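Per chain, numbering begins at 1; letters A, B, ... match sequence-line order. Since the model is a prediction, treat every value here as computed from it, not as a measurement.
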Amino acid sequence: MLYSKIYLILFTGTDSGGLMRFSRLLIPTLRETPSDAEAISHQLMLRAGYVRQLAAGLYIYLPLAWRVLNRINSILKEEMEAIGAQEVSMPVLHPAEVWQQTGRWDDIGDEMFRLKDRTGRDMCLGMTHEEIMTWLAAREIRSYRDLPQTWYQIQTKLRDEARPKSGVLRTREFIMKDSYSFDATEEGLETNYQLHAGAYHRIFKRCGLRFYQVESDPGMMGGAVSHEFMAPSPAGEDEIALCSKCGYSANVELALSVPKEIKKEEWPFEEIQTPEKRTVNEVSNFLKVAPEYFIKSILVISDNGPVLALVRGDQDIHEKKLAKVIGSHRPAQKAEVKEILGVEAGFIGPVGQKIRLVADECLKQGVYISGANKPHYHIRGVRPITDFNAEWHDIHAANSGDSCVKCGGELSIERVIEIGNIFKLGTKYSVPLRAFYLDEKGLEMPVIMGSYGIGPARIAAAAIEQNNDKDGIIWPKSIAPFDIELLPLNMKDTGTVEVAERLYKEMKENGIEVLMDDRDERAGVKFKDADLLGIPFQVILGEKNLKEDLVEIKDRKTKLAIKTNVADAVKEIREMA
RNA sequence: CGGGGCGUAGCGCAGUCUGGUAGCGCACACGGUUCGGGACCGUGGAGUCGGAGGUUCAAAUCCUCUCGCCCCGACCA
């Protein structure tokens, strides 16, 4: 007796294609936004019942979110297979030795999760898989005949991020599609690099994202060339510079730009008193001269001693650009400024300076005002090159309104989410890990590598950031958790339920993924939740319409609904979805 | 790691200044009415007030330490 009851529950709760009934699925929607969510995608993922947070940077993906990720992953797999990449699966737990051989065991700091196994052996959790992929290549690739190869996986990565943030955008554990190419020649690498760039374009387009491919800083990945794929969104952490005229686009970390030209003043060289006026803005207001006529002098401490960095008053130093010139550095503290330059910060300048000077290119032109290296004095009429010399580099951060170095067009700056990147690694990993092959002449050569990453959760979050309204998410069709949400408004009306079940079955038979809101809820609740979840189309079954044999098909994005005969509904949906 | 904010019921919050039996809204359970854009009435369940120590007759409230989460910055292979 007891058993038959249990079976009954099992059978009524299950249908052939899995659970697609709202009443049986875990979709914990929230009326209010949890207070610690800032990014829109984060708020909506929580409210619409897609994710829950376990701890800082650790997220649980609930059924809806997991369906979205699986759809994204299917697209990733299709496009990877299309360029000849082979799917593999690498361990997440790595022995330290492999990372020690490439030097990254020591290069990387607290961001790597490290542990010991029971025998005391050093291990780490994989942040990325260059080492392990190269280890494999070193073992299995012998001859130029084995090349090229491209291997990929969709695998968990772990990074002990200093600051996880913005929901699933920056987490400590995340899934990544990472692929690695192995070639005999630079040309081969170039081919694989372009194949990946093409595949990435198709992937992001299919996922319904607006995005840019930009030049990026290869950073510690090594290698000379890399690009990032960036989805514009205010929730992003990066900024890119874009030229509307020639299409130049680069991460602001390395974007070159020409600041607005300034009129050349004919000031004589003279000291002027500027009591208590320290910052560019203060002196600018005091002397009634615009900030672009000032030289901003910043003292930094590099590994090789102090460096005075100079940019125009209306510009900011970009730390990464400066780091390319002088290596890693930090801003000097106030006491250090006084100690090294003999004058307090606020009145320092390049004239008569004995320490290393690095100046922004644009300062070569013009006549400026700078600190006089004397308390409460500035110098007007400073002529760079004549009055001081320096190492000249582009070290300013690109600003919107600056000119493009390539074509002179106007640059704009956009905030973006990094959704993918591609790197030419060269032999950075193959040499230390001894991934060599024998060429036609029998010579031992290092394999030439590239690595390519995409974060599926970031695609999902970026899609929400770019597609939402006050009512909730509006998924692109390709990555929505379901194609259709079926809304039988009155579950107590047997006619409604009967049509709903019929349509539900018919849609499933037609390969349409459908979520049926079979909850005994008021119509208003179902509408609100449907809009929140963001499934692209809603099929609404209301009693009145059904009396005339009609159902409504509503577009989540436009909120426009068409009425159609029950008999034609599935056909209509197939055409739209 | 530096700066700021916050931890009180599943969620959103009040109560903390000025110590005196832990509250409100939503959600949840039950009953009734309602039923095309987050219904209404009634009843009810649910909280070690983040944790530890201290002060006090008495601590959510005061003191010390600690843990966690969020935001800004630094960092980001």
task = For side chain to side chain donor-acceptor pair (under 3.5 Å), just list the numbers for A/Asp183 and A/Asn192, CA-CA rounded to whole Å, side-chain angles, deciding distance to a tenth of an Å, and then say yes or no.
result = CA-CA 8 Å; A/Asp183 279 282; A/Asn192 257 321; 2.8 Å; yes
remark   = Of the candidates B/rC70, B/rG38, B/rC35, the side chain of A/Gln53 sits closest to B/rC70
Using residues 230-238 of chain A as the side-chain source, report each donor-acceptor pair under 3.5 Å to any protein atom, sequence neighbours left out, with the distance given to one decimal.
residue  : atom : partner  : partner atom : Å
A/Ser233 : OG   : A/Ala235 : N            : 3.0
A/Glu237 : OE2  : A/Arg170 : NH1          : 3.0

key: Nucleotide B/rA74, atom C1' - distance to NZ of A/Lys320 in whole Å   = 11 Å
ask   = Taking the side chain of A/Met127 as heavy atoms from C-beta outward, which of B/rC75, B/rA77, B/rC69 is closest to it?
value = B/rA77
ask   = Donor-acceptor pair, A/Asn565 side chain versus A/Asp568 backbone, under 3.5 Å?
value = no
note = B/rU56 -> Watson-Crick or G-U wobble partner, both distances under 3.5 Å, gives none
ask   = What nucleotide among B/rC69, B/rA77, B/rG38 has an atom nearest to a side-chain atom of A/Ile108?
value = B/rA77
query = Around atom NZ of A/Lys338, are there more than 12 heavy atoms of other residues, nucleotides or ligands at under 6.0 Å?
reply = no
key: Opposite nucleotide pairing with B/rG23, Watson-Crick or G-U, both atom distances under 3.5 Å   = B/rC13
key: Span that lies between the P atom of B/rG68 and that of B/rC75, in whole angstrom   = 24 Å
ask   = Heavy atoms under 4.0 Å, any strand shown: does A/Glu131 hit a base, just sugar-phosphate, or nothing?
value = nothing
message = What is the separation between atom CZ on A/Arg522 and atom C1' on B/rG36, rounded to the nearest whole Å?
response = 10 Å
remark   = Rounded to whole Å, the CG-P distance (A/Asp238 to B/rA77) equals 10 Å
query = Nearest to the side chain of A/Arg47 - B/rG38, B/rC71, B/rG12?
reply = B/rG38
request  = Check every strand shown and say whether A/Ala55 touches a base, only sugar-phosphate, or nothing at a heavy-atom separation below 4.0 Å.
outcome  = sugar-phosphate
query = Distance between the P atoms of B/rC40 and B/rG45, in whole angstroms?
reply = 22 Å
request  = List in chain and number order the residues that pass side-chain hydrogen bond (donor to acceptor under 3.5 Å, both in side chains) with A/Ser181, two or more places apart in sequence or in another chain; answer none if no residue qualifies.
outcome  = A/Tyr452
note = Protein-proximity profile, nucleotides 23-33 of chain B, B/S/- by nucleotide at the 4.0 Å heavy-atom cutoff, equals --BSS------
task = Confirm from the modelled atom types if A/Arg163 and B/rG3 form a donor-acceptor pair under 3.5 Å, side chain to base only.
result = no
request  = Using atom CD of A/Glu38 as one end and atom P of B/rC71 as the other, report the distance to the nearest whole Å.
outcome  = 6 Å
query = Which value, in whole Å, describes the distance between the P atoms of nucleotides B/rC28 and B/rG10?
reply = 15 Å
message = Pair A/Ser249, A/Ile240 - check side chain to side chain contact (heavy atoms under 4.5 Å, CB included), show working.
response = CA-CA 7 Å; A/Ser249 59; A/Ile240 58 170; 5.6 Å; no
remark   = Testing B/rC72, B/rA77, B/rG38 for proximity to the side chain of A/Leu532, the answer is B/rG38
message = Need one value for A/Asn545: base, sugar-phosphate or nothing, where a base atom within 4.0 Å counts as base even if backbone is also close, heavy atoms only.
response = base
request  = List the protein contact pattern of nucleotides 42-52 of chain B with one symbol per nucleotide (5' to 3'): B for base contact, S for sugar-phosphate-only contact, - for none; contact means a heavy-atom distance under 4.0 Å.
outcome  = -----------
ask   = Under the salt bridge (charged side-chain N to carboxylate O under 4.0 Å, His left out) rule, what pairs show up with a residue in residues 484-503 of chain A, not counting sequence neighbours?
value = A/Arg21-A/Glu501, A/Lys492-A/Asp520, A/Glu498-A/Arg502
inquiry  = Looking at A/Lys324, I want to see if its NZ is surrounded by more than 12 non-hydrogen atoms of other residues, nucleotides or ligands under 6.0 Å.
reply    = yes
query = Rounding to a whole Å, what distance do you find between A/Glu237:CD and B/rC75:C1'?
reply = 11 Å
For B/rU61, the Watson-Crick or wobble counterpart (both distances under 3.5 Å) = none
key: Interatomic distance where CG belongs to A/Asp110 and C1' belongs to B/rA77 [whole Å]   = 14 Å
key: Donor/acceptor link under 3.5 angstrom from A/Asn490 side chain onto base of B/rG36   = no
ask   = Pairs in or reaching into residues 171-181 of chain A: which pass salt bridge (charged side-chain N to carboxylate O under 4.0 Å, His left out), with residues at least two apart or in two chains?
value = A/Lys157-A/Asp178, A/Asp160-A/Arg172
query = Does B/rG12 have OP1 or OP2 sitting under 4.0 Å from an N or O in the side chain of A/Ser35?
reply = yes
inquiry  = Please pick, from B/rG38, B/rG36, B/rC69, the nucleotide with the shortest atom-to-atom distance to any side-chain atom of A/Ala56.
reply    = B/rC69
message = Suppose you measure atom P in B/rC63 against the same atom in B/rU16; what distance do you get, rounded to whole Å?
response = 14 Å
message = Just to be sure I understand the rule, does A/Asp531 reach a base, reach only the sugar-phosphate, or reach nothing, if contact means heavy atoms closer than 4.0 Å?
response = base
query = Does the A/His329 side chain pair with the main chain of A/Gly327, one donor and one acceptor, at a distance under 3.5 Å?
reply = yes
request  = Determine the contact category for A/Ser166: base if any of its heavy atoms lies under 4.0 Å from a base atom, sugar-phosphate if only primed atoms, P, OP1 or OP2 are that close, otherwise nothing.
outcome  = sugar-phosphate
query = What interatomic distance, in whole Å, is found between C1' of B/rG50 and the corresponding atom of B/rG7?
reply = 6 Å
Polar side-chain atom of A/His393 near backbone of A/Ile395 as donor-acceptor pair, under 3.5 Å = no
query = With nearest nucleotides of RNA chain B determined for A/Gly167 and A/Lys559 from heavy-atom distances, which residue corresponds to the more 5′ nucleotide?
reply = A/Lys559
A/Gln43 CD to B/rC70 C1', straight-line distance once rounded to whole Å = 13 Å
query = Looking only at atom C1', what distance separates B/rA9 and B/rG4, rounded to whole Å?
reply = 28 Å
query = Cation-pi between A/Arg434 and A/Trp135: NZ/CZ under 6.0 Å from ring centre and within 45° of the ring axis?
reply = no
ask   = Expressed in angstrom and rounded to an integer, what is the separation of A/Asp106 atom CG from B/rA77 atom P?
value = 17 Å
Between B/rG15 and B/rC62 - C1' atom distance, rounded Å = 16 Å
inquiry  = Please check this pair: side chain of A/Glu548 against backbone of A/Leu550, looking for a donor-acceptor N/O pair closer than 3.5 Å.
reply    = no
key: Nearest-angstrom distance, P atom, B/rC57 to B/rG51   = 24 Å
request  = Any strand is fair game: report the nucleotide pairing with B/rA74 by Watson-Crick or G-U wobble, both distances under 3.5 Å, or none.
outcome  = none
inquiry  = So, under a plain 3.5 Å distance rule, would you say the side chain of A/Asp36 forms a donor-acceptor pair with the base of B/rG12?
reply    = no
